[in-house]
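Worksheet for the structure shown next.
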Amino acid sequence: MNNIMFTPVKIGSCEIPNRFAVTAMVCSLCTENGDATERYLKYHEAKAKGGWGLIITEDYRINPHAGGYKYVAGIYDESQIAGHAKVVDAVHKYGSKIFCQIYHAGRQSSSSVNGGVQIVAPSPTSSPWNRNLARELTVDEIHELVREFGVSAANAKKAGFDGIEIHAGNGYLIAGFMSFHSNKRTDEYGGTFRNRMRFFTEVYEAMRAAVGDDYPIMVRFSADEHTLSGRTLEESKMVAQYMEKLGVDAINCSNGIYGTYNPGQVSPSYHPHAWTIQNAKAFKECVKIPVLGCNSIDDPDMAASLVNQGCCDIVGMARCSLADPDMPNKYHADEFERIRPCIRCMQGCVTSTYLQIPIRCCVNPELNKEYLYTYEPTEAKRVLIVGGGPAGMEAAIAAARRRHEVTLWEKSDRLGGQFIAAAYPPGKGDYVTFTCYLINEVKHLNVHIELNKEATAEEILAFGADKVILATGGLPKTPPIAGVERENVYFAEDILRGRALPEGRIVVIGGGEVGVETAMHLADAERGQITVIHRSGTICAKADGTKAVAMKKFLNEREVKVMINTKPLEICDSGILIEHEGCTRLYPCDYVIISTGYYPNNALAEQLQSLGDRLAVVGDANKCSNAMDAAEQGFAAGYFA
């Protein structure tokens, strides 16, 4: 395959076999002491096996109190070397290179995850995400941290890592010293550019002394911190040139710092694709060392295009590696349609991080379970799956990969279930790629699919399957309010799927994600005056913070009215009777849209209890939750059929 993505590139003395890089993402798969686990090993091994040229680990802390998360790795003690050396060996089996990212979290930590001590930073400030007040470091403490960075670098080299990435971005400790945003010091570590770069310089020199001149050291830092008083691109170009002059071998062009209102830290589907690549290109134009570009690049063809354009030398696609660790190999084999796509939902990868739980992915139910799903030979069975949404199709995929004979019944004329509607709201176009992947994969695996097949208990029993998996999804809840049966009342999915097209004064009942997205959809289509009413005091309460900010911004820009702490009482001829701020009044409207949640569609389950262990109920048919939970349940049921 004549593609620039499969040409090698050198970082210092290390030749990377291709241009696909797994940039760092917290996976929370190590022990509290930072030791590598089998689960951690398999997580990285899967990416190497899948063809990624460079794997950059995340957040190896330099001491027991330097981590921002409870279960991140550590290599500050020689006792940790052997376990992490096994991870390196597992990656090297497949020809990939692995760099050890080394950091101190600084103010972006908390006493609950770093051993109970007060967090430290250049100045006494706090991170909006972690909300702990940091203590200002003394000069003696700074010198000790510099020493610890050097020790960790030496240990990483002993473990066999191919290189080191210094994490000097995203608001962590080194980044904190480099930026006016969090560095308010008046000594030799604050104020001028050279003073603010002093801590990084000392860290780099200590690490270089520990590993030698021919050992690769790259740096990750934010080109634009996207906040007032934060560093912008022009100063970051100075930083890049300064680092090159010091001897840094490559630059990983990250962006942003922690904060719900900071767009640069994570990129949900509300951001454009490759939205910060011009920052990487600006670095390319001012330094000669390799530059890694990233941020919402989730299509390998786009990655190739960006390298060909000279925007970067290597493309970081961290979340793509979560969605499909086999992406490079599939791309090389021209199996593009079989690549499981990242939809930038942040439902598992980002949410898991601040919940301090193992990393998850909405589109990849095997993530962090690579040690479990080993595809050992098993006795072939007949498997019947009822329901063609994500849970049902994931069940079919897992069962088919285990060589079972799989049949899938879907009552409608197409596969996809409720996830079809998920792609319609503004900013969620990516979601359709997952539905397309699932449909293509079940067909590729020769699953026998019957559409327009509404199953009955009698037909299921007559089919005689060894395993029956019910993935019949959920049904929209009808709120117990008078007038809900009126002709001008619709459910959210009716609007998103184009079954109804109201116009005028429209009230959406329900301020959860689906309700807000439906209001966004109507506002984007300019269907009239849109109002969202919500019983509690916060809309989008279960959405990731950065997503919620983007959604609320959209509502404000499109002049969608939001009424919180509002209870719907009755839908009338001329509007909806509501209770708001202690008063009952009629709110005029022409149409009402219901988005008050779902309940399990599990009537068949009650009729099939005689199947015992041969029956599995998964996804919303079991308990209404979200697509990620549904996919995981479906896949597990299919795998262990």
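Just so it is clear, the values below take in all heavy atoms, side chains as well, and ignore hydrogens, waters and symmetry mates.
- Counting heavy atoms from C-beta outward, T374 and Y639 have side chains that approach closer than 4.5 Å.
- F283 is not listed as a side-chain neighbour of N279, based on a closest heavy-atom distance of 4.5 Å or more.
- Once rounded to the nearest 0.5 Å, the distance linking CE of M302 with CE of M317 reads 9.0 Å.
- To the nearest 0.5 angstrom, I62 atom CD1 is 13.0 Å from I75 atom CD1.
- Annotation for K47 and L322: closest pair NZ-CD2, 3.8 Å, computed over non-hydrogen atoms.
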Practice prompt. Please step through side chain to side chain contact (heavy atoms under 4.5 Å, CB included) for the pair F199 and L173, ending with a clear verdict.
Written response: CA-CA 10 Å; F199 180 56; L173 184 64; 4.0 Å; yes

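- For S13 and D214, the side-chain atoms include no donor-acceptor pair closer than 3.5 Å.
- Rounding to the nearest 0.5 Å places OG of S625 at 7.5 Å from NZ of K542.
- Within a 6.0 Å sphere centred on CZ of F640, other residues, nucleotides and ligands contribute more than 12 heavy atoms.
- Electrostatic pairing of R208 and D249 counts as a salt bridge here, judged by a charged N lying under 4.0 Å from a carboxylate O.
- Taking the side chain as every heavy atom from C-beta outward, W129 and Q108 never approach each other to under 4.5 Å.
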### Query
For Y60 and Q80, what are the C-alpha separation, side-chain angles and deciding distance, and is it a side chain to side chain contact (heavy atoms under 4.5 Å, CB included)?
CA-CA 11 Å; Y60 275 63; Q80 298 166 320; over 6 Å; no

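- A distance-only check finds no donor-acceptor pair linking the side chain of S352 to the backbone of I359 [under 3.5 Å].
- A 4.5 Å side-chain heavy-atom check between D299 and H273 finds every atom pair outside the cut-off.
- Expressed to the nearest 0.5 Å, how far CG of L306 lies from CG of D313 amounts to 12.0 Å.
- The nearest pair of heavy atoms linking V91 to I55 is CG1-CD1, 4.1 Å.
- W52 is listed as a side-chain neighbour of S321, based on a closest heavy-atom distance under 4.5 Å.
- Side chain to side chain, Q347 and N626 meet the donor-acceptor criterion of an N or O pair below 3.5 Å.
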>> Between D326 and R338, is the side chain to side chain contact (heavy atoms under 4.5 Å, CB included) condition met? List the steps.
In response: CA-CA 10 Å; D326 296 320; R338 296 199 66 203; over 6 Å; no

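- The shortest distance between side-chain heavy atoms of C320 and V22 does not fall below 4.5 Å.
- Under 3.5 Å, the side chains of E148 and N63 contain a donor-acceptor pair of N or O atoms.
- Between the side chain of D162 and the main chain of F99, no donor-acceptor pair closer than 3.5 Å is present.
- Nearest heavy-atom pair, Q356 versus G68, reported as atom, atom and distance to 0.1 Å: NE2-O, 4.0 Å.
- Using a 4.5 Å heavy-atom threshold, the side chains of I174 and H104 count as separate.
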query: side-chain hydrogen bond (donor to acceptor under 3.5 Å, both in side chains) between N252 and E165: does it pass, once the steps are laid out?
result: CA-CA 9 Å; N252 180 348; E165 178 174 87; 3.1 Å; yes

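- The two atoms that bring A156 and I102 nearest to each other are CB-CD1, 4.3 Å, heavy atoms only.
- A salt bridge does not link K369 to E366: none of the charged side-chain nitrogens sits closer than 4.0 Å to a carboxylate oxygen.
- In this structure, E144 pairs ionically with R147, as a charged nitrogen and a carboxylate oxygen lie closer than 4.0 Å.
- D430 and S269 share no side-chain donor-acceptor pair at under 3.5 Å.
- In this structure, CD1 in I251 is found 11.5 Å from CD1 in I11, a value given to the nearest 0.5 Å.
- With hydrogens and angles ignored, the 3.5 Å screen pairs a side-chain donor or acceptor of N262 with a backbone N or O of E225.
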task: List the steps and the verdict of ring pair (Phe, Tyr, Trp, His ring centres under 6.0 Å) for F149 and Y204.
output: CA-CA 8 Å; F149 270 103; Y204 171 77; over 10 Å; no

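- A salt bridge does not link E370 with K49: every distance from a Lys NZ or Arg NE/NH1/NH2 to an Asp or Glu carboxylate oxygen is 4.0 Å or more.
- By the 4.5 Å heavy-atom criterion applied to side chains, D298 and R319 are not counted as neighbours.
- At least one donor-acceptor pair under 3.5 Å links the side chain of N132 to the backbone N or O of S111.
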_side chain to side chain contact (heavy atoms under 4.5 Å, CB included) for C312 and I277? Distances and angles first, verdict last._
CA-CA 8 Å; C312 56; I277 197 62; 4.1 Å; yes

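- Looking at S126, its side chain never comes within 3.5 Å of a backbone N or O of R131 through a donor-acceptor pair.
- The two residues I257 and G171 have their closest heavy-atom pair at CG2-N, 3.5 Å.
- In this structure, the separation between CD1 on I166 and CE on M218 is 10.5 Å, given to the nearest 0.5 Å.
- The backbone N or O of N255 sits nowhere less than 3.5 Å from a side-chain atom of D224 that would complete a donor-acceptor pair.
- Judged purely by distance below 3.5 Å, without hydrogens or angles, the side chains of T31 and N33 never pair a donor atom with an acceptor atom.
- The aromatic rings of W275 and H226 lie tilted to each other, with the angle between the two planes from 30° to 60°.
- Using a distance-only test at 3.5 Å, with no hydrogens or angles considered, no donor-acceptor pair links the side chain of R220 to the main chain of Q101.
- Checked against a 6.0 Å centroid threshold, the rings of F6 and F20 count as neighbours.
- A distance-only check finds no donor-acceptor pair linking the side chain of R403 to the backbone of P377 [under 3.5 Å].
- F161 approaches Y215 most closely through the heavy-atom pair O-OH, 2.6 Å.
- In this structure, a donor-acceptor pair under 3.5 Å is absent between the side chains of D35 and Y40.
- Side-chain polar atoms of N130 and R107 form no donor-acceptor pair below 3.5 angstrom.
- Salt-bridge formation is detected for the pair E441/R401: a Lys NZ or Arg NE/NH1/NH2 atom is positioned less than 4.0 Å from an Asp or Glu carboxylate oxygen.
- Centroid-to-centroid, the aromatic rings of F221 and F200 stay 6.0 Å apart or farther.
- Put simply, the side chain of H167 gets close to the backbone of G169: a donor and an acceptor are under 3.5 Å apart.
- Using a 3.5 Å distance cut-off with no hydrogens or angles, the side chains of D324 and Y437 do not pair a donor with an acceptor.
- The number of heavy-atom neighbours closer than 6.0 Å to NZ of K623, taken from other residues, nucleotides and ligands shown, is 12 or below.
- When atom types are taken as modelled, the side chain of S109 and the backbone of G67 share a donor-acceptor pair closer than 3.5 angstrom.
- Using a 4.0 Å cut-off between charged side-chain N and carboxylate O, K428 and E513 make no salt bridge.
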